[in-house]
Asker: 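Below is a structure I'd like to ask you about.
Worth saying up front: this structure is predicted, and the values here are computed from it rather than measured. Convention: sequence-line order gives letters A, B, ...; per-chain numbering from 1.
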Amino acid sequence: MQQDPDLIARSANELVGDLNPQQAEAVQYRGPALLIGAGAGSGKTRVLTRRIAYILSQFGAWPSQILAITFTNKAAAEMRERLAALIGPVAERMWVSTFHSACVRILRRDGKSIGLDPGFSIYDTADCERLVKLIAADLNIDVKRYTPRAILSRISDYKNNLEGWQDKLREQAPDYRPGQRGYQIGNPGNAEALYAVVYAEYQHRLAAANAVDFDDLIGRTVELLRRDPAVADYYRHKFRYILVDEYQDTNHAQYVLVRELAGVDAAKGAPVPADMPYAGREGQAWITVVGDSDQSIYAFRGADIRNIQDFEQDFPNAKTIMLEQNYRSTQTILDAANAVISNNEGRKPKKLWTALGKGEPIVGYAADNAQQEAAWIAGEIARLHGEEAIAYSDMAVMYRANAQSRSLEEALINAGLPYQLVGGTRFYERREIKDAIAYLQAIVNPADDVNMRRILNVPKRGLGARAEAIVVGYADMNAIPFYAAVERLDSIEGVPTRTANQLRAFRDLMDGLRKFAADPANRPSDIVAEVLSKSGLLDELRKSEDPQDASRVENLSQLQSVAAEFEQNTPDATLAGFLETTALVADSDQLPGEGEDSGKVTLMTLHTAKGLEYPVVFLTGMEQGTFPHSRAMEDASELSEERRLAYVGITRAKRRLYVTRAAVRAQWGQANEMMPSQFLDEIPSDLIDWKRREAGVERMRANWSNGGFDDDEFGGWGDDDFGGTTYGGSTYGSSYGSSESASGSSYGSGTRRFGAGAGSRSRGGSAGGSRSGSAGSNGRSGYGSRSYGSSGSSYGYGSGSGSSSRSGRVTTRRVAPKTGGSASSAAPGAPRDNGLNIADFHVGDRITHDMYGLGTVVDTLDKGAKSVITVDFGSAGTKRLMLNRAPIEKL
DNA sequence: ATCTGACCCCTTTTT
DNA sequence: GGGGTCAGAT
């Protein structure tokens, strides 16, 4: 075995000596197909990097023979880093990248044989939507009935399943010729035919623009490998070891891509013996896939969980090794995760375990509304930081949907806590950035009609719809790209002089920019600067009076910095290369890498959180309809995916897990009453320490019977203002559907059970002292959110009792149908006046404050509505608070 | 051609 | 709360 000077050879013992037996076996396994079933926190990245090092040092493979696929650029960068540390600079010569960047690399090099020029554009979702809109307009499609999004999602499905447009067209609309002009499909009853036609036309125009979309990156690479045997041979000989991370999230096209690259089917006639010591130079490449079917959360994007489930049938002589020891979390957290995921049907049973010990209980909190939930979390973060010296960067707040981040952000800002938000509207999706990128794209690829037409009148230069239509007409007639028509504008008939002048100016602008970009002395950041100034983009924003435009100017200057940074890190940096990095960024790529401390609390969606870990994790919005998301609650398989998402969330936590919910959440203007998430119910109740079990609304409601709950916890609610009649009975009872709720013990008892439908197992209650058995069989109907405004489903409050309780802390009332716009302020959102009475407070009383936590009253000052109390919060200091405004509760 | 205001629908999750 | 679209005014 010849030794590579860049390779730090590692002995077998160095690579596996400190691993557990399963990990060691996975690192050393010799065979054509290996599936590593890696539970959350089981050290899979470690195993993967060690295995690569092992293949190099012990199998004698060359670095160039290795292809390692990860899901995000960040994961790839991290793996490269770890490999460099382990085996030296040789790591730089391996392909460690995402599916998408690997495919870009292949297509740039070899795409010619399927008609792709190396300078092709990569369209993001917004570009694709533009293209579909253009097509819909030309074909006279009603975009209300067939939204571009829906059409694109269908096209994406086709592509993920490798169904070509040719086949679709043949089946559904055989008379359509892509590119033909004047075809009016209108709005046929046959949606399939419409999809087929748009799909074909979409592909036709992508090809004409020398562009691909995200799905094409995979699909067209498969096409290339299948159509060009020389190219296929090249890569099959090149890559002898292929490793795929997050295999449970691969879609069919990616699955086929792996098979094609590995030459699994090409090698069929001559099966590889199972006992070969290494892959050798011919035949099937050796495949290692790593994944966890319980963490498959991308089915909505085409991921097919069967890829991992059927691995053993799909690949000859496949071997499976399971990693079940968790090195990340406490046993309490794992017990919760195991309990939740065990409600999914048809999964291979698997139990994570840890040697780390039981740890702290999970902390639960039920807030009245989203603002209060956020404020409580902010307070808890401040407390953990102050009292327990936990770094902000060790804490993360997670939620189901990006829209939930707003109230959390506001609370953190109010509390003066540093945070970073990951995801949401991405930098590269901002309008001004998209505009600038569109210029760059149009410079690199003048055939790119979508981007060229986008910038035609940005900034405004008097070239509106009319001018565009004239050029498009000429381009269509001559079957040339849009910009080619602009270049020939002198031969276009009937162009008004004014328009002609403007078009000429645009052409001169673009020609000038292209010349500038073509000069090798000008680097990407120079080109960005030139585009920003010459195009007038910057000037327009600078002149604007819209305050938002100031930050847009900032963003543009940041784009230039990004380009400069790219040059620093990339030898031979080209503009096309820069555009590629901007096209393929993921949300998680913004996160600081290992060992970097941002010093900030991290906010992100559960999807973005996959693969990450934090000592402290807050899972927020644990409500039916929020999480699981309302759109996913009816369908069993979608609900399973939500549950896997919950599993992912829980297992992100290393030491402490918080689960919080809001009893009322406003979603697009409407205040909705939210039931607790069924996933909360699936966590064994003795694992959760509820700091506040019921929201105010719920206490009031439960209070009518006052049976079985602890007066200390719900102090102040004992006197029964409401009588039993208002809240009793039918609507409430039917939603919880149990005879127990009539007896009053269910709601107040330590364990609450909402019915014993398929997924929800019944456990004996213990925390509250009273037993709650199976609560009947109303199945899922009891779950879900309830809109105040909607008739029929609201709770049985009489209009008279809709005012407030004596203390007035929570005002639950019907919200009038949205009229004057003040509906949401009338909703039980954070009230300005909390209605607390100074007479109820005395020196020595214990209270809690949403931000500062527990405190003792040290002084009271009666000034009527402006009463002030002074509270000692211990480590958080002594504060003077406006009694009726402060977010406090008397204990 | 462009600006304004009144609607409309809507929102999972993302490489 | 928000952005995108459309009609009507300038």
Asker: For Y647(A) and Q295(A), test the side chains for any donor-to-acceptor distance below 3.5 angstrom and give the result as yes or no.
Answerer: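 Not at all, the side chains of Y647(A) and Q295(A) share no donor-acceptor pair under 3.5 Å.
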Asker: How long is the line joining CG of D215(A) and C1' of dT15(B), in whole Å?
Answerer: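 Rounding to the nearest Å, CG of D215(A) and C1' of dT15(B) are 9 Å apart.
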Asker: Compare the minimum distances between each of dT14(B), dA1(B), dC3(B) and the side chain of R466(A), then state the nucleotide with the smallest one.
Answerer: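 In terms of side-chain proximity for R466(A), the closest of dT14(B), dA1(B), dC3(B) is dA1(B).
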Asker: Is E468(A) paired with R453(A) through a side-chain N to carboxylate O contact shorter than 4.0 Å?
Answerer: yes
Asker: In whole angstrom, give me the gap between the C1' atoms of dT13(B) and dG4(C).
Answerer: 23 Å
Asker: I want to verify a distance call: between dT11(B), dT2(B), dT14(B), whose nearest atom is closest to the K460(A) side chain?
Answerer: dT2(B)
Asker: Please report, rounded to the nearest Å, how far the P atom of dC6(C) is from the CG atom of D142(A).
Answerer: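 Rounded to the whole Å, the gap is 10 Å.
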Asker: Between P on dC9(B) and NZ on K144(A), what's the gap in Å once rounded to a whole number?
Answerer: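 Going from K144(A) (NZ) to dC9(B) (P), I get 8 Å.
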Asker: Classify the angle between the aromatic ring planes of Y235(A) and F239(A) as parallel (below 30°), tilted (30 to 60°) or perpendicular (above 60°).
Answerer: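 Rings of Y235(A) and F239(A): parallel, as their planes differ by under 30°.
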Asker: Taking atom C1' of dT11(B) as reference, at what distance in whole Å does atom CZ of R149(A) sit?
Answerer: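 So the two atoms are 7 Å apart, to the nearest Å.
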Asker: For H629(A) and L463(A), find the nucleotide of DNA chain B closest to each by heavy atoms; which residue's nucleotide sits nearer the 5' end?
Answerer: L463(A)
Asker: Please state how far atom CD in E429(A) lies from atom P in dT13(B), giving the value in whole angstrom units.
Answerer: 12 Å
Asker: Please give, in whole Å, the distance from dT5(C) P to R145(A) CZ?
Answerer: 20 Å
Asker: Report the residue from R301(A), K610(A), R644(A) that forms a salt bridge (charged side-chain N to carboxylate O under 4.0 Å, His left out) with D249(A).
Answerer: K610(A)
Asker: Among dT5(C), dG1(C), dT14(B), which is the nearest nucleotide to the side chain of K133(A)?
Answerer: dT5(C)
Asker: What nucleotide among dT11(B), dA1(B), dT15(B) has an atom nearest to a side-chain atom of F214(A)?
Answerer: dT15(B)
Asker: R130(A) CZ to dG4(C) P: how many Å, rounded?
Answerer: 11 Å
Asker: How is D249(A) classified with respect to the nucleic acid when contacts are heavy atoms under 4.0 Å: base, sugar-phosphate, or nothing?
Answerer: nothing
Asker: With heavy atoms under 4.0 Å as the rule, sort E638(A) into base, sugar-phosphate or nothing.
Answerer: base
Asker: H607(A) and F300(A): ring-ring contact (aromatic ring centres under 6.0 Å, His included), yes or no, with the steps?
Answerer: CA-CA 12 Å; H607(A) 282 88; F300(A) 71 93; 5.6 Å; yes
Asker: Which nucleotide wins on minimum distance to the side chain of T98(A), given the candidates dT13(B), dT15(B), dG2(C)?
Answerer: dT15(B)
Asker: Where does the angle between the aromatic ring planes of F578(A) and F566(A) fall among parallel (under 30°), tilted (30 to 60°) and perpendicular (over 60°)?
Answerer: tilted
Asker: Does F71(A) reach a base, just sugar-phosphate, or nothing at all? Heavy atoms under 4.0 Å.
Answerer: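 The residue F71(A) makes sugar-phosphate contact but no base contact.
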Asker: The side chain of T608(A) is closest to which nucleotide in this list: dT2(B), dG2(C), dT14(B)?
Answerer: dT14(B)
Asker: Taking the minimum atom-to-atom distance to the side chain of T125(A), which one of dT2(B), dT15(B), dT11(B) wins?
Answerer: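 Of the candidates, dT15(B) comes closest.
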Asker: Compare the minimum distances between each of dT11(B), dT15(B), dT13(B) and the side chain of N402(A), then state the nucleotide with the smallest one.
Answerer: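 Selected nucleotide (nearest to the side chain): dT13(B).
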Asker: How many whole angstroms separate atom CD of E468(A) from atom P of dT2(B)?
Answerer: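 That distance rounds to 12 Å.
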Asker: Quick one: which of dT11(B), dT15(B), dT14(B) gets closest to the side chain of Y298(A)?
Answerer: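 For Y298(A), the side-chain atoms sit closest to dT14(B).
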